[in-house]
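In what follows, residues are counted from 1 in the order of the sequence shown. Side chains included, hydrogens not; waters and symmetry mates left out as well; all remaining heavy atoms used.
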Amino acid sequence: MSIPEFLLEMSIVVIAVVSLLTNLSVLLCFTQSADLRSHVSGVFTLNLSFSNILLTIINMPATFLGVAKGAQPFGDPFCQGVSFAETFLTTNAMLSMAALSMDRWIAVVFPLSYSSKMRHRDAFIIVAYSWMHALTFALTQLLMDWGGYSHTYASCTVQLDGETGLGVGVGGKRLAAYATFTALFHCGSFALCLLVLCFAYLKVLRVARSHCKRIDVITMQALLLFVDMHPSVKERCLAEQKKRGRRATKKIGIFIGSFILCFSPYVITRLVELLPCVHVPRYWGISVKCLSYAKTSSDPFVYCLLRQEYRKVLVSIISRFLKKDHYSLSVHSTSSTLDTTDDNGIVRIT
């Protein structure tokens, strides 16, 4: 085994473990908090977490075996099923991110009418559309037999005629159909979701900056009234205003930047390889595949676990668990002491 292959295998293992733990933590928070379940955005978050968990359980082990064995790890029917799952789950996850961005846009831009514009019923309709959208591409791929093992990506994915890819022997019409499907698939998933993310979050950033400017004006007027205020207090107030603006920009940058960083190398590679003169190196193909998997492990932090309400629920769960564990240890220690005392008493009596 070469060092690059070992590093790629370890990357898949680390990504899978982190993804599984963090996404299960999100589900655990929902089961323990009625407040989180009451939020409409929770429907999109649950849909995203379930997609990430299934992708971690089904696709990442298959890719790991593909890298380790250097060949197709399963039979053709199973590999086609894994490829179907990848297309459906990846598209569904992307659309869930787009739905979350639209939810935040409505909440920030239309705060007074949010409860009427975004209800649980509307959220379930959006999730149902997301499933139908993803199933359309996944079923088309399955019916056209465009799913199989790709040596370039060491995984069961969208592939034309197995290992032959776009090579010689593929009919012109079939090649054109496959290229059209690949382009439409990535335009209908990655490009569409990126467009929605940019539109929604840039609108949110614009409103946030507008609110910050209004707060700045009010704060400056208030500071002018307090003539005797110490200059250091005024400086702290102004510094806090700047921090608010930077935090808003940083959050928006994380939302959009993580999406582009994780998915764009893989999508661009899949589109470029449609050109007959392009050959994608195997290590590059596996690397961009691992990078797309990394989004499943970053999503819980980006959308959930770094937020205050989720942290509170996690802290309460951990504290209750530690208290129960401490209580069980105390009970066990007490019972052991009593048993020892009784034994000593019996020894003395005998």
message = Please confirm whether the ring centroid of Phe255 lies under 6.0 Å from the ring centroid of Tyr303.
response = yes
message = Treating Thr136 as the side-chain partner and Met132 as the backbone partner, does any N or O pair qualify as donor plus acceptor under 3.5 Å?
response = yes
request  = For the pair Arg104 (side chain) and Tyr201 (backbone), establish whether a donor and an acceptor sit closer than 3.5 Å, ignoring hydrogens and angles.
outcome  = no
message = I'd like to know if Cys304 pairs up with Cys29 as a disulfide, counting it only when the SG to SG distance is below 2.5 Å.
response = no
key: Residues Ser292 and Tyr153: side-chain donor-acceptor under 3.5 angstrom   = no
Single-linkage hydrophobic cluster Phe263~Ile260, side-chain heavy atoms < 4.5 angstrom = yes
query = Which distance, rounded to the nearest 0.5 Å, do you find between the CG of Asp299 and the CG of Asn23?
reply = 7.0 Å
task = Determine the minimum heavy-atom distance between His133 and Gly188, stating which atoms define it.
result = NE2-O, 2.9 Å
request  = Grab the two heavy atoms, one from Val313 and one from Gln32, that are nearest each other, plus how far apart they are.
outcome  = CG1-CB, 4.3 Å
Flag side-chain contact, heavy atom, 4.5 Å: Phe84 against Leu139 = yes
ask   = Which pair of non-hydrogen atoms, one from Met118 and one from Ile126, has the smallest distance, and what is that distance?
value = CE-CD1, 4.1 Å
inquiry  = Between Asp35 and Ser38, is there a side-chain heavy-atom distance shorter than 4.5 Å?
reply    = yes
ask   = Does Leu95 reach the side chain of Trp131, with side-chain heavy atoms less than 4.5 Å apart?
value = no
query = Would Val13 and Leu24 show up in the same hydrophobic cluster when neighbours are defined by side-chain heavy atoms closer than 4.5 Å?
reply = no
task = Can you measure from CG (Leu142) to CZ (Phe137) and round to the nearest 0.5 angstrom?
result = 15.0 Å
ask   = Considering only heavy atoms from C-beta outward, does the side chain of Phe50 approach that of Asn92 to under 4.5 Å?
value = no
query = Closest heavy-atom contact between Leu271 and Ala183?
reply = CD2-CA, 4.1 Å
Derivation of the side-chain contact (heavy atoms from CB on, under 4.5 Å) call for Arg119 and Asp122 = CA-CA 5 Å; Arg119 295 164 293 182; Asp122 302 320; 3.3 Å; yes
Heavy-atom pair with the smallest gap, counting every atom of Ser41 and Leu100 = O-CD2, 3.7 Å
query = In Å and rounded to the nearest 0.5 Å, what is the NZ to CG distance from Lys251 to Leu306?
reply = 9.5 Å
Residues forming a salt bridge (charged side-chain N to carboxylate O under 4.0 Å, His left out) with Asp103, sequence neighbours excluded = none
message = Assigning hydrophobic clusters by single linkage (Ile, Leu, Val, Met, Phe, Trp, Tyr; side-chain heavy-atom cutoff under 4.5 Å), is Leu27 placed with Val40?
response = no
Least distance between heavy atoms, Gly70 atom then Tyr149 atom = C-OH, 4.1 Å
request  = Flag the pair Gln80 / Asp145 as yes when at least one side-chain heavy-atom distance between them is below 4.5 Å, and no otherwise.
outcome  = yes
inquiry  = Go through it in stages, so that I can follow the logic: the residues are Thr182 and Glu273, the test is side-chain contact (heavy atoms from CB on, under 4.5 Å), and I'd like the CA-CA distance, side-chain angles, deciding distance and then a yes or no.
reply    = CA-CA 11 Å; Thr182 303; Glu273 73 173 354; over 6 Å; no
query = Counting N and O atoms only, with roles assigned by atom type, does the side chain of Ser19 sit under 3.5 Å from a partner on the main chain of Ala16, one being a donor and the other an acceptor?
reply = no
ask   = According to the interplanar angle, ranging from 0 to 90°, do the rings of Trp105 and Phe110 count as parallel (below 30°), tilted (30 to 60°) or perpendicular (above 60°)?
value = perpendicular
Phe64 and Met60: CA distance, side-chain angles, deciding distance, side-chain contact (heavy atoms from CB on, under 4.5 Å) verdict = CA-CA 6 Å; Phe64 175 82; Met60 292 188 194; over 6 Å; no
inquiry  = Would you say Leu195 ends up clustered with Tyr129 if hydrophobic residues are merged whenever their side chains have heavy atoms under 4.5 Å apart, either directly or through other cluster members?
reply    = no
request  = For the residue pair Phe190 and Phe185, establish whether any side-chain heavy-atom pair is separated by less than 4.5 Å.
outcome  = no
note = dist Lys289:NZ -> Leu291:CG (nearest 0.5 Å) comes out at 12.0 Å
task = Could you tell me which residues satisfy side chain to side chain donor-acceptor pair (under 3.5 Å) with Tyr293, sequence neighbours excluded, listed by chain and number?
result = Thr63
query = Can you get from Leu55 to Met97 by hopping between Ile, Leu, Val, Met, Phe, Trp and Tyr side chains that sit under 4.5 Å apart?
reply = yes
ask   = Do Ile252 and Val204 come within less than 4.5 Å of each other through their side chains, counting heavy atoms only?
value = yes
request  = Taking His120 for its side chain and Val43 for its backbone only, find out whether a donor-acceptor pair lies under 3.5 Å.
outcome  = no
request  = Show the numbers, then the answer: is there a side-chain contact (heavy atoms from CB on, under 4.5 Å) between Ser189 and Thr90?
outcome  = CA-CA 9 Å; Ser189 55; Thr90 304; over 6 Å; no
Criterion side chain to side chain donor-acceptor pair (under 3.5 Å) on Gln141 and Ser83, from CA distance to verdict = CA-CA 9 Å; Gln141 168 193 316; Ser83 177; 2.5 Å; yes
task = Report yes if the side chains of Met102 and Phe44 come closer than 4.5 Å at any heavy-atom pair, otherwise no.
result = no
remark   = To the nearest 0.5 Å, atom CG of Leu20 lies from atom OG of Ser25 at 9.5 Å
query = Can you tell me how far the OH atom of Tyr266 sits from the NE2 atom of His186, to the nearest 0.5 Å?
reply = 6.0 Å
Mutual orientation of the aromatic rings belonging to Trp146 and Phe181 [parallel < 30°, tilted 30-60°, perpendicular > 60°] = tilted
message = Can you list everything that forms a salt bridge (charged side-chain N to carboxylate O under 4.0 Å, His left out) with Arg311? Sequence neighbours excluded, please.
response = none
